[in-house]
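To start, the structure under review is shown below, and the notes come after it.
The analysis underlying the following values was restricted to heavy atoms, covering all of them including side chains, and did not include hydrogens, waters or symmetry mates. Small disclaimer: the values here were computed from a predicted structure and weren't measured.
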Amino acid sequence: MTLRAVRPAEFPWFPYEGFTFCLALSEGDSAWSSGHTAAARDEALGKMVVSGTMEEQARIAYRKVLTIIEAAGLGPDDVVHVTENVTLAGLPDYEAAAAVREEVFGAHRPTLSTVVVERLVRSAALLEIEMHAVRGGGTELPAAGGWAASPVREGHDGAVYLPTVVPVDESGDIVSPGDFVGQYAYCLDRADALLRQAGLSLDNAVTTYDYSTPASRGVYRKSHRVRKERLGGAGVYPGAGGILMSRLHHPESMVAIDVTASRHPLEPVNPGWSRYDTLTYSPGVRAGRTLFMSGFAALDMETQEALHPGDLRAQAEETYGAIRQLLSHAGLGPENLLSTVEFCVESALPDYRVVAPVRERLLSPPWPASTGAICKELLRPEFLLEVFPTALYPKDPS
């Protein structure tokens with residue numbers, strides 16, 4: 001069985017063919033959507049537009065994504081994991097989006113990842129939503145807590161999703177104010193506690209994507225010791241990525257971390273890039289049929305030099321070229337890409353359109369489910385683009 005693009009018979013918001021991403025991908029009883037905002041094509045203006053309050057935009061975005069997964073034969077009660085990218089402009093009104101979410105799902109509670117982003121590609125967009133659904137809604141695991149009181153759920157191929165972990169305690173108070181390392185350690189320890197309630201631990205982590213602020217860049221390297229003490233206990237470090245936003249969920253939060261784990265044994269996937277020998281993350285981790293990957297940017301894997309400063313198109317070529325190299329080493333091709341999440345730095349947004357032709361040349365149908373967001377900066381100031389990819393091995397025909 002192979003991935004197929006989900007194509008709703010009716011999708012009134014915009015004509016969706018001709019892009020280098022699909023509305024969603026499906027396989028059997030599972031589906032993964034791209035990120036969708038409230039954007040719709042205005043025929044009178046001849047372009048895509050976004051308008052409305054946070055509540056109005058949330059209703060449209062949820063209606064769009066549910067229309068897509070319904071075309072895959074799934075519904076709200078089948079949703080395992082929701083990612084909401086909320087902009088700095090939308091953050092003060094985020095509770096309105098939460099109310100819409102609760103209305104949409106009722107008694108069913110998917111795992112929620114909340115990513116605070118600088119802005120979205122459409123400047124008026126306040127919220128972007130992506131979903132993973134499995135018939136039956138996956139399995140809610142015996143774990144409690146996390147920001148927004150979201151549960152932990154297991155979805156397709158043994159993937160276990162944790163809610164976004166932030167350095168805020170049960171009383172709503174910030175942990176280790178002004179201490180990046182202390183906050184980072186708290187988040188990983190909290191993730192470990194959630195996983196242990198579910199019969200797992202950080203040894204089962206396949207990705208740790210963290211979000212911090214430009215002010216933390218000078219001390220970010222100190223997270224290496226924290227990660228080394230807590231990760232890789234089973235002999236495999238997870239994939240990782242790091243993105244910088246102007247602020248995060250709490251005004252005093254210096255980091256937030258999204259952790260995904262797996263029920264399957266972990267296998268590191270590395271084409272021979274020696275830079276990872278001393279790092280606390282792997283370029284790729286295979287768990288079952290899923291290849292989880294670190295964030296990729298325009299980096300020389302041998303010299304660790306940042307390539308093509310100031311040239312977004314050339315950086316996109318290097319980034320997707322490295323992803324293709326890892327896929328090839330794993331015995332896969334771009335047609336096996338399940339999803340790509342692109343973070344473009346705010347200063348490069350005027351040139352962001354140059355990435356699409358690179359994707360068209362280096363990727364292929366059915367095109368991955370894709371999400372794009374704007375960050376303030378990346379960990380290396382020369383980087384303009386970072387991509388978080390995931391791929392799926394085809395089922396053994398036997």
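- Atom CG of Leu3 is separated from atom CG of Leu25 by 5.0 Å, given to the nearest 0.5 angstrom.
- Aromatic rings from His36 and Trp13 are positioned such that their centres are separated by 6.0 Å or more.
- Linking ILVMFWY residues whenever their side-chain heavy atoms come closer than 4.5 Å, directly or via other members, places Val387 and Tyr209 in the same cluster.
- The hydrophobic clustering, which links ILVMFWY residues whose side-chain heavy atoms are closer than 4.5 Å, places Tyr186 and Leu188 apart.
- Not one N or O on the side chain of Lys64 forms a donor-acceptor pair closer than 3.5 Å with the backbone of Ala40.
- Here the side chain of His132 pairs a donor or acceptor atom with the backbone of His156 at under 3.5 angstrom.
- For the atom pair Ser26 OG and Ile68 CD1, the distance stands at 12.0 Å (nearest 0.5 Å).
- What you find for Asp157 and Arg289 is that their closest heavy atoms are OD2-N, 2.8 Å.
- Here the closest heavy-atom approach between residue Gln57 and residue Leu126 is recorded as OE1-N, 2.8 Å.
- Sparse packing is recorded around CZ of Arg353, with 12 or fewer heavy atoms of other residues, nucleotides or ligands lying under 6.0 Å away.
- At least one donor-acceptor pair closer than 3.5 Å links the side chain of Ser34 to the backbone N or O of Cys22.
- Across all non-hydrogen atoms, the minimal contact from Arg119 to Val121 is NH2-O, 2.9 Å.
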